[in-house]
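Notes for the one structure printed next.
Source: prediction; values computed, not measured. Throughout, a chain's letter reflects where its sequence line sits, starting with A, and its residues are numbered from 1. Values below: all heavy atoms of this structure, side chains included; hydrogens, waters and symmetry mates excluded.
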Amino acid sequence: MAEQDYYLEMRSISKEFPGVKALDQVTLQVRPGTVHALMGENGAGKSTLMKCLFGIYKPDGGEIYLNGKKTEILSSSDALANGISMIHQELHPIPFRDVMENIWLGRFPMKGIGPFKFVDHSKMYRDTEDLFKQLDIDLKPDTLVGKLSVSKIQSIEIAKAVSFNSRIIVMDEPTSSLTGVEVEHLFRIIRDLKAKGVAIIYISHKMEEILRISDDVTIMRDGKKIGTWPAAEMTTDLIISKMVGRDLTHRFPERDNVPGDVILQAHDLTSPVDKSFKNVSFELRKGEILGIGGLVGAQRTELIEALFGLRELSAGSISIHGKKVKIKSPKDAMKYGLALLTEERRTTGIFPVLSVHENGAIANLDRYMTPYLLLNEKKKQTETNKMIEKLRTKTPNTKALIMNLSGGNQQKVLLARWLLTEPEILLLDEPTRGIDVGAKFEIYSIIADLARQGKSIIMISSEMPELLGMSDRIMVMSEGKMTGILDGETASEETIMRLAAQH
Amino acid sequence: MSTRRIQEMITHNAIYIVLVVLIIGIAIYDPSFIGINALRDVLNQSATRTIIALGVAFILITGGTDLSAGRMVGLTAVISASMLQIQDYPRRFFPGLADLPVIVPVLLAIAVGFLFGMINGLIVAKLRVPPFIATLGTMVIIYGVNSLYFDMDPNHSQPIGGLRPDFTKWWGSGSIGSGQYSIPYIVIIAIIVAIIVWVIFNKTRLGKNMYAIGGNEQAAKVSGINVSRNLIWIYSIAGALYGLAGVMEAARTGGATNNYGNMYELDAIAACVVGGVSTTGGIGTVPGVLTGVLIFTVINYGLTFIGVSPNWQLIIKGMIIIAAVAFDMRKYANKK
């Protein structure tokens with residue numbers, strides 16, 4: 001194929017973050033009028049590559065060619081001006097404004113004389129109608145966006161991309177919250193766009209979709225490009241085998257915990273929310289590390305938050321030490337010996353403006369109550385600070401504000417917070433997310449140590465090596481359903497991936 | 001000490017420095033400002049405001065706000081005054097009422113404040129109405145309740161006067177000692193309240209929970225804190241403090257009308273933010289609030305003392321509020 005056959009060429013793109021080589025000489029070539037699937041595990045570098053294309057990150061090396069011309073993209077508005085649009089997995093519309101205002105935001109058509117210019121609503125209405133007709137979208141331009149379903153909002157985003165005359169549209173997991181019918185509509189729009197010569201870069205984990213809609217497939221692993229193949233030559237097995245497979249030695253501590261009796265039984269747990277988890281049953285043993293694997297949207301976080309009393313259950317039961325328990329609030333959960341390290345450290349974990357010490361002590365204040373309602377400050381200080389120190393938290397002192405610590409050290413303070421409550425069961429949701437490699441090993445060692453002491457651990461992780469390296473057993477979820485429980489010794493990335501992509 | 005350390009020291013003690021600079025400035029203009037009489041006057045004028053500001057501080061630290069504080073002061077001032085008139089006053093609120101022990105109406109007024117505070121807390125915690133709106137609503141409601149009470153037969157919206165001297169002395173204008181070296185009772189009350197509030201903030205579970213809720217409500221919930229119950233307690237305690245302030249306001253001035261306390265909440269919020277309480281929650285100390293209150297009293301009293309027109313005083317006050325918060329924003333922005 002001659003070089004001008006490609007509308008977009010990203011040549012040898014490299015990007016380094018402190019301690020990680022996120023992209024290593026990655027080349028991506030996209031033909032006009034095709035769907036190009038970009039695949040890889042979480043952390044393979046897909047999003048980083050797309051952020052380089054969209055001007056959010058500045059690559060450390062490499063060049064971008066558009067239609068054969070070398071182009072520098074310095075910002076998102078640069079990208080849009082060059083005909084590149086991105087439809088993010090998480091959509092952020094302005095809910096209380098109507099459809100057309102969301103589409104033309106920042107570039108409203110104007111009318112008027114001299115300095116007296118007003119927004120030309122009727123032109124905006126007509127333009128939007130034309131756009132929708134062109135894309136076969138059935139929506140009135142003056143509907144409030146807040147009333148629309150996710151799929152409708154997504155079609156607005158696509159219309160917006162088209163209105164920019166985009167030649168390249170990046171779609172990041174576009175079907176993650178769509179129903180079957182809605183997916184068909186999206187695919188119809190994608191085929192129309194293809195016919196108009198638009199190139200689509202399609203990021204998804206769903207094999208079946210990829211094989212149906214895409215023309216080419218590029219696979220990435222660990223920040224490197226593995227290769228590009230015509231989709232017609234690929235199979236699910238082939239894709240998975242190219243996505244995984246790497247050295248697993250020495251990234252994880254030695255584990256010598258011995259799982260004992262069953263401590264927690266979850267039976268038929270079901271969420272009242274329609275698309276959330278359904279009929280999930282599992283057991284957890286004393287001193288066991290149970291990993292939970294799955295793709296984004298598998299409802300793993302929702303499941304363990306329900307265990308901890310942060311979400312409701314519509315059906316199912318939980319038994320601890322063989323006795324049925326009702327957990328309606330985190331307080332209840334703590335009473336039964338549960339602790340939860342949440343996924344979003346910033347939004348649901350730390351108190352940024354409070355000190356390291358107060359952050360560590362907050363879940364454990366009951367223990368320091370004395371008569372007359374006062375706290376035993378001395379005991380609180382000693383015990384909390386000792387635990388924070390024991391986990392080897394690096395902080396100038398425990399009076400420092402936690403927001404000034406690194407992610408790994410913040411995580412250790414949060415672990416200390418929960419260990420102080422002397423839990424029997426720790427629920428860890430992506431415990432090493434956003435933490436650099438060195439600190440990860442330390443967190444793994446702490447987890448392994450806790451299991452050895454007989455604590456039971458449920459660990460959600462989106463990183464395959466972490467699941468395989470740390471778990472005694474691995475439960476895999478897909479779209480809210482449990483699709484299997486694997487033995488940690490014999491499981492492989494392939495088997496996990498197959499179960500995770502089942503629904 | 002390096003320049004950086006000095007800079008840091010100034011940033012962290014800015015409000016104390018502002019207070020000292022203000023006093024020195026006024027003293028240079030008129031040295032007679034420095035003296036025991038001016039000190040007593042400043043403290044005397046700060047007493048009620050301190051108690052209101054401490055109540056508001058509870059709520060600001062949780063990340064909320066309280067617009068109903070002033071009207072609660074008005075309501076509780078009227079309630080306490082209406083029950084503590086001398087027997088031979090010509091227009092008694094309750095003509096046949098016997099002389100009650102002073103403490104009974106005082107506790108009743110505090111209880112009324114506590115109750116309305118609890119209502120604020122319930123609206124915020126249970127109905128999830130944003131505090132600004134919730135307390136805007138109760139602010140208007142409390143004024144209505146107060147005006148209805150105030151208009152009752154036979155009072156018909158007449159200012160309540162003729163308060164018993166044993167009430168106005170102990171809760172208002174009286175002092176320990178005499179002459180130059182006397183200490184007003186209300187200053188002593190304010191100091192005791194400040195100590196109690198300091199203990200609550202720093203030594204109790206409620207205080208720790210208050211900072212946590214303001215610092216990150218979601219994280220507080222995950223940490224097993226019953227956010228609603230704590231909020232209801234905090235709003236109730238703040239209400240009780242407004243009740244106490246209402247009593248003192250009636251006793252200090254020797255009377256009450258339904259318009260007492262109008263807009264006091266704004267002065268209290270201003271004193272808190274100047275004193276370093278963050279309106280986004282999680283940050284604030286008792287010494288900071290006290291200093292904030294003192295800064296405003298010194299401006300009022302000191303600038304009047306040296307003859308600056310009250311109109312100019314307003315302009316200076318407004319600028320100090322904005323400057324203080326702008327400065328605070330920088331302090332935390334730098335750390336991100």
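Side-chain contact between B:Thr138 and B:Ile123 is present, with at least one heavy-atom pair separated by less than 4.5 Å. Inter-residue side-chain proximity for A:Leu307 and A:Leu269 is flagged as met; some heavy-atom pair is nearer than 4.5 Å.
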Take B:Phe58 and B:Phe201 through the test ring-ring contact (aromatic ring centres under 6.0 Å, His included) and record every step on the way to the result. CA-CA 8 Å; B:Phe58 268 96; B:Phe201 278 17; 5.0 Å; yes
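Using a 4.5 Å cut-off between heavy atoms, A:Leu354 contacts chain B through its side chain alone, with no backbone atom that close. Interface remark: A:Thr342 contributes side-chain atoms only to the contact with chain B (heavy atom separation under 4.5 Å). With a 4.5 angstrom heavy-atom cutoff, A:Asp366 touches chain B via backbone and side-chain atoms both. Only the backbone of A:Arg346 has a heavy atom closer than 4.5 Å to any heavy atom of chain B. Heavy atoms of A:Lys335 lying under 4.5 Å from chain B are absent altogether. When heavy atoms are compared at a cutoff of 4.5 Å, A:Phe308 approaches chain B solely by way of its side chain, counted from C-beta outward. Contact annotation for A:Leu414: neither backbone nor side-chain heavy atoms come within less than 4.5 Å of a heavy atom of chain B. B:Asn226 does not touch chain A: none of its heavy atoms, backbone or side chain, sits under 4.5 Å away.
Salt-bridge check for A:Glu344 with A:Arg433: passed, with a basic side-chain N closer than 4.0 Å to an acidic carboxylate O. Remark: A:Glu424 does not engage A:Lys455 in a salt bridge, criterion side-chain N to carboxylate O under 4.0 Å.
None of A:Leu427, A:Leu310, A:Ile292, A:Asp429 except one satisfies the side chain to side chain contact (heavy atoms under 4.5 Å, CB included) rule with A:Thr301; the exception is A:Asp429.
When each of B:Ile225, B:Thr204, B:Val222 is checked for heavy-atom pairs under 4.5 Å with chain A, B:Val222 comes out on top.
Residues A:Gly360 and A:Leu420 share a closest heavy-atom pair of O-CD1, 3.6 Å.
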